[in-house]
Peer 1: 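Could you have a look at this structure, given as structure tokens, before my questions?
Keep in mind the model is a prediction, meaning the values are calculated, not measured. Below, chains carry the letters A, B, ... as their sequence lines are ordered, and counting in each starts from 1.
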Protein chains: 2
Amino acid sequence: MENYQIDNLDKSILQALMNDARIPYAELAKRFSVSAGTIHVRVEKMKQAGIITGTKVCINAKKLGYDVCCFIGINLKHARDYQETIAQLESFEEVVEAYYTTGNYSIFIKVLSQSMDHLHDVLVNKIQSIEAIQSTETLISLQAPIMREIQP
Amino acid sequence: MENYQIDNLDKSILQALMNDARIPYAELAKRFSVSAGTIHVRVEKMKQAGIITGTKVCINAKKLGYDVCCFIGINLKHARDYQETIAQLESFEEVVEAYYTTGNYSIFIKVLSQSMDHLHDVLVNKIQSIEAIQSTETLISLQAPIMREIQP
DNA sequence: TATGAAAGACCGCTCCC
DNA sequence: GGGAGCGGTCTTTCATA
């Protein structure tokens, strides 16, 4: 888990695997003019170093009915209620991300819901039912024109 | 690409693959008491239906030096500058997500940077150099206690 | 139509150079 | 870092209910 300085080959491998985790090592070997064994060694090293943390399939949330994406800025009554509020938010499956932020809001969350009605339900019956929350501000995402990973 | 109503087996497969895309089909077959061929058929169908859009390795951005995560709310001088602004934002690799939102901001973006100095550079020399932008508000994320996918 | 079983091709892993 | 062999996995095909 110690630090490991990646080189250009590692970067190239990462970029390729970030687009498609199931690309064969032999294919990468050809592309970067090294042997498949080398690719394997590099990937293992990056796993060891904690750079590669796992693999995922990418899901199109809309096809599963989760059409509506929104962000909600939350202000707490007291900063000390932070931990407890996060715990409650975590119990709502619609809350997929939460950030503890500086700036206008105490907590900033991302919510996926199936419709405007569903979002309304999540807002009123779930999020705003948390006692520690003083106020919320909702930003509904109409479109997500950029959605990518950082380039190593 | 047409709609495809997923059943419980599909859901189970999705959930498993969302945690680890490289899990063998035979393992899933055992877990859900079906044959490996069936798993294969289901996965192919979900790919066809556009539910599964690909696979990715998960990267620990911090290990690559991208320590600082922040959100920036952007207000445009004119709503008509939207397309052009997105195009410019897209050219900055630090901008990993962008949303067109209702609410306080016209555009809402997520930015990853290597340090506070780097973030400052991105803000001043990249984002605020876009002429169509009237004002920005920055929310720096100190912690991300929740980070997950929607459960199918 | 969807599933299960088996065979062949392919891939990843390991050892040795 | 490169190359070869073994073991495991994926994919395909065919039979079945």
Peer 1: Give the intermediate values and the outcome of side-chain contact (heavy atoms from CB on, under 4.5 Å) for residues B:Leu123 and B:Gln128.
Peer 2: CA-CA 6 Å; B:Leu123 257 174; B:Gln128 288 171 354; 3.9 Å; yes
Peer 1: Chain B on DNA chain D: first and last contacting nucleotide, 5' to 3', under 4.0 Å to a heavy atom?
Peer 2: D:dC10 to D:dT12
Peer 1: Summarise protein proximity over nucleotides 1-17 of chain C in one line of letters, 5' to 3': B for base, S for sugar-phosphate only, - for none, counting protein heavy atoms closer than 4.0 Å.
Peer 2: -SSB------SSSB---
Peer 1: Which angle, to the nearest 10 degrees, lies between the helix axes at the two ends of the helix from C:dT1-D:dA17 to C:dC17-D:dG1, each defined by five pairs?
Peer 2: 20°
Peer 1: Applying side-chain contact (heavy atoms from CB on, under 4.5 Å), run through B:Arg42 and B:Phe32 and close with a yes or a no.
Peer 2: CA-CA 13 Å; B:Arg42 297 305 188 96; B:Phe32 305 131; over 6 Å; no
Peer 1: Taking the six-membered ring where the residue is Trp, are the ring centres of A:Phe108 and B:Phe108 under 6.0 Å apart?
Peer 2: yes
Peer 1: Given 3.5 Å as the limit, does a donor-acceptor pair link the side chain of B:Arg22 with the main chain of A:Gly54, or not?
Peer 2: no
Peer 1: Honestly curious: do A:Ile146 and A:Leu142 fall in one hydrophobic cluster under the side-chain, below-4.5 Å linking rule?
Peer 2: yes
Peer 1: Report the C-alpha separation of A:Ile23 and A:Arg31 in whole Å, then their side-chain angles, then the decisive distance to 0.1 Å, and conclude whether the side-chain contact (heavy atoms from CB on, under 4.5 Å) test is met.
Peer 2: CA-CA 11 Å; A:Ile23 191 168; A:Arg31 197 179 300 175; 3.0 Å; yes
Peer 1: Checking side-chain contact (heavy atoms from CB on, under 4.5 Å) for the pair B:Thr38/B:Leu9: CA distance, chi angles, key distance, verdict?
Peer 2: CA-CA 10 Å; B:Thr38 302; B:Leu9 177 57; 4.1 Å; yes
Peer 1: Using a 3.5 Å distance criterion without hydrogens, assess whether the side chain of B:Ser135 forms a donor-acceptor pair with backbone atoms of B:Asn75.
Peer 2: no
Peer 1: With rounding to the nearest 0.5 angstrom, report the CZ to CD distance, A:Arg148 to B:Glu93.
Peer 2: 8.0 Å
Peer 1: Got a donor-acceptor contact below 3.5 angstrom from the B:Lys45 side chain to the B:Ile6 backbone?
Peer 2: no
